[in-house]
J.: 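I'd like to ask you about the structure that follows.
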Amino acid sequence: MTRFVLRRILAAVPIGLIVTLGVFALVFAMPGDPLRELAGDKPIPAAVLAAKRAQFHLDQPFVVQYLLSMKDIFTGHFGTTFAGADIADQLRLRIPVTLKLATMSLALQWIAGILFGLYAGFRRNGVVDRMLLLSTLVVLAVPGLVLYFAGQYVFGVELKWLPVSGAADGWPIAYLLPAVCIAISGFAGMARLTRTSIVDTANADFVKTARAKGLGEQRILWRHVLPNALLPVVTLMGIDFAGIFAGAVLAESIFNLPGLGQFMFSAIRFKEGGVVVLLSTLAFVMFIVINLIVDIVYGAIDPRVRNV
C-alpha cells in the first residue's frame with residue numbers, strides 16, 4: 001500500500017508542473033499591459049511603471065516569471081496583487097466562502113442524485129425512471145453558464161425568491177441559488193450513474209445466485225447490491241469534490257460571491273499570473289489529494305487496484 005501511494009504522489013508531480021506551466025503560459029500570452037489596464041485612463045509616470053514592473057517581475061522573461069511564482073508558492077510568500085491587496089489575507093477571507101458554496105452544492109447534488117438514482121434503478125422503466133432519464137438528458141445538454149444566468153433571472157429577478165447576487169444576506173440564503181445551480185449541473189451525471197450501476201448490479205450473476213440460495217430481498221439489497229453498486233458512485237463523488245473549484249469560478253463571478261472562484265476570475269482578467277498559478281496549484285493539490293484518498297480506499301477494498 002505504501003508503494004501504491006508513493007507511485008500516485010510521484011506521478012502527480014510532473015502533471016502538476018505541466019498544468020501550472022500551461023496555465024501561466026495562457027495568462028502570459030494574453031494581450032495588453034495589466035498595469036496600464038489597472039490604471040485605466042490615468043497616466044502613469046515611466047519611473048513608477050518601471051518600478052511596478054520590477055516589483056512584480058514583469059520585466060523578466062516568461063520562464064523566470066514562472067519560476068519566481070512557483071518559488072513564492074513553495075516558500076509561502078504570496079506577496080500582493082497588482083492593486084496592492086495582500087494575497088494571504090485574500091485567501092483567508094475567500095476560502096470560507098468557497099467552502100460554504102462547495103459544501104452546500106455537493107450536499108444537494110449527492111443527496112438528490114443518489115436518492116433519485118436509487119429509486120429509478122429499483123423501479124426500472126417506471127414513471128420516475130423515464131422522467132429522470134429525460135430530465136437529466138436536458139440538463140446535460142444545457143451549458144452551465146446558461147443555467148446560472150437562467151436561475152439568476154427566474155428566481156432572483158422575476159420571482160424574487162432569492163438574492164440575485166452578493167453575500168450580504170449571509171449563509172445559507174446568499175449561497176442557496178448558486179449552490180442549486182451548481183448542484184443541478186452535477187445532479188444529472190450522479191443520478192444517471194447511480195441508476196445504471198443499480199440496474200447492472202441487480203442483474204449480475206452473484207445477485208441471481210444469492211436469490212437462488214433463498215436469501216431475502218432486503219438482505220440482497222443491503223449486503224450485495226448497494227455495496228457493489230455504489231463503488232463507481234463514490235469515485236464520481238471524489239471527482240466532483242475535487243473539481244468543485246471549476247464550478248465556483250463561474251458561479252462566484254456571476255453571483256458576485258467573494259470566494260476563490262471570483263478571485264481567480266479577477267486574476268485572469270488583470271493578467272496576474274502569480275495569483276492564477278497559486279489558485280491553480282491549490283485546486284490541483286486538492287484534486288490530487290481527493291483522488292488519492294479514493295485510490296487508497298479502492299486499493300484497500302480491491303488489492304488488484306494497487307498494481308495498476
Side-chain angles (χ1 to χ4, degrees), residues 1-30 57 60-79 87-88 91 94-95 98-99 101-102 105-106 109 144 182 185-186 189-190 193 231-252 259-268 271-308:
M1 179 61 75
T2 303
R3 287 186 298 174
F4 170 76
V5 174
L6 289 176
R7 284 202 307 268
R8 288 291 190 268
I9 295 175
L10 291 176
V13 173
I15 297 175
L17 292 175
I18 294 173
V19 169
T20 54
L21 181 61
V23 170
F24 193 85
L26 291 174
V27 176
F28 185 85
M30 292 176 63
H57 312 298
Q60 301 290 335
F62 163 74
V63 176
V64 176
Q65 291 188 38
Y66 171 74
L67 293 177
L68 289 173
S69 297
M70 295 303 295
K71 175 188 173 184
D72 292 340
I73 292 174
F74 285 114
T75 57
H77 301 294
F78 302 142
I87 296 177
L91 293 178
R94 293 174 180 272
I95 287 177
T98 300
L99 286 178
L101 179 62
S105 60
L106 289 175
Q109 171 186 328
I182 297 175
S185 300
M190 180 68 67
L193 177 63
L231 281 176
V233 178
V234 171
T235 303
L236 182 59
M237 291 171 70
I239 295 174
D240 283 343
F241 186 86
I244 192 65
F245 184 65
V249 172
L250 278 178
E252 291 178 1
L260 293 177
Q262 188 192 61
F263 196 26
M264 169 70 91
F265 187 84
S266 175
I268 295 173
K271 293 187 62 177
E272 300 198 53
V275 177
V276 175
V277 169
L278 170 62
L279 296 178
S280 300
T281 303
L282 291 176
F284 178 77
V285 169
M286 182 177 68
F287 186 88
I288 292 300
V289 170
I290 297 300
N291 280 276
L292 181 61
I293 293 174
V294 173
D295 287 341
I296 292 173
V297 172
Y298 262 68
I301 295 175
D302 189 350
R304 294 173 298 177
V305 179
R306 305 174 194 172
N307 300 320
V308 177

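The first residue in the sequence is number 1, and the count goes up from there.
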J.: Ile73 and side chain to side chain contact (heavy atoms under 4.5 Å, CB included): which partner among His77, Met70, Lys71?
T.: Met70
J.: Donor-acceptor pair, Arg94 side chain versus Gly259 backbone, under 3.5 Å?
T.: yes
J.: Got Phe263 and Glu252 here, is their nearest side-chain heavy-atom distance under 4.5 Å?
T.: no
J.: Working note: Leu91 + Leu279, criterion side-chain contact (heavy atoms from CB on, under 4.5 Å); need CA distance, chi angles, decisive distance, verdict.
T.: CA-CA 9 Å; Leu91 293 178; Leu279 296 178; 3.9 Å; yes
J.: List in chain and number order the residues that pass side chain to side chain contact (heavy atoms under 4.5 Å, CB included) with Ala88, two or more places apart in sequence or in another chain; answer none if no residue qualifies.
T.: Phe78, Asp86, Arg92
J.: With rounding to the nearest 0.5 Å, note down the distance linking CE in Met264 to CG in Leu250.
T.: 11.5 Å
J.: Report yes or no: does Gln65 contribute a side-chain atom to a donor-acceptor pair with the main-chain N or O of Gln60 at less than 3.5 Å?
T.: yes
J.: In Å, rounded to the nearest 0.5 Å, how long is the span from CE of Met190 to OG of Ser185?
T.: 13.0 Å
J.: Considering non-hydrogen atoms only, spot the tightest contact between Ile182 and Gln109 and give its length.
T.: O-OE1, 4.3 Å
J.: Applying side-chain hydrogen bond (donor to acceptor under 3.5 Å, both in side chains), can you list everything that pairs with Ser105, at least two apart in sequence or on another chain?
T.: none
J.: Any idea which heavy atoms bring Gly261 and Thr98 closest together, and the distance?
T.: N-OG1, 4.1 Å
J.: Run the ring-centre check on Phe62 versus Phe24 and record whether the distance is less than 6.0 Å.
T.: yes
J.: Distance-only, no hydrogens or angles: does the Ser280 side chain make a donor-acceptor pair with backbone N or O of Val276 under 3.5 Å?
T.: yes
J.: Apply side-chain contact (heavy atoms from CB on, under 4.5 Å) to residues His57 and Val64 and explain how you reach the verdict.
T.: CA-CA 8 Å; His57 312 298; Val64 176; over 6 Å; no
J.: Do Tyr66 and Thr20 come close enough that some side-chain heavy atom pair is under 4.5 Å?
T.: yes
J.: Could you give the distance from CG (Leu260) to CG (Leu282), rounded to the nearest 0.5 Å?
T.: 7.5 Å
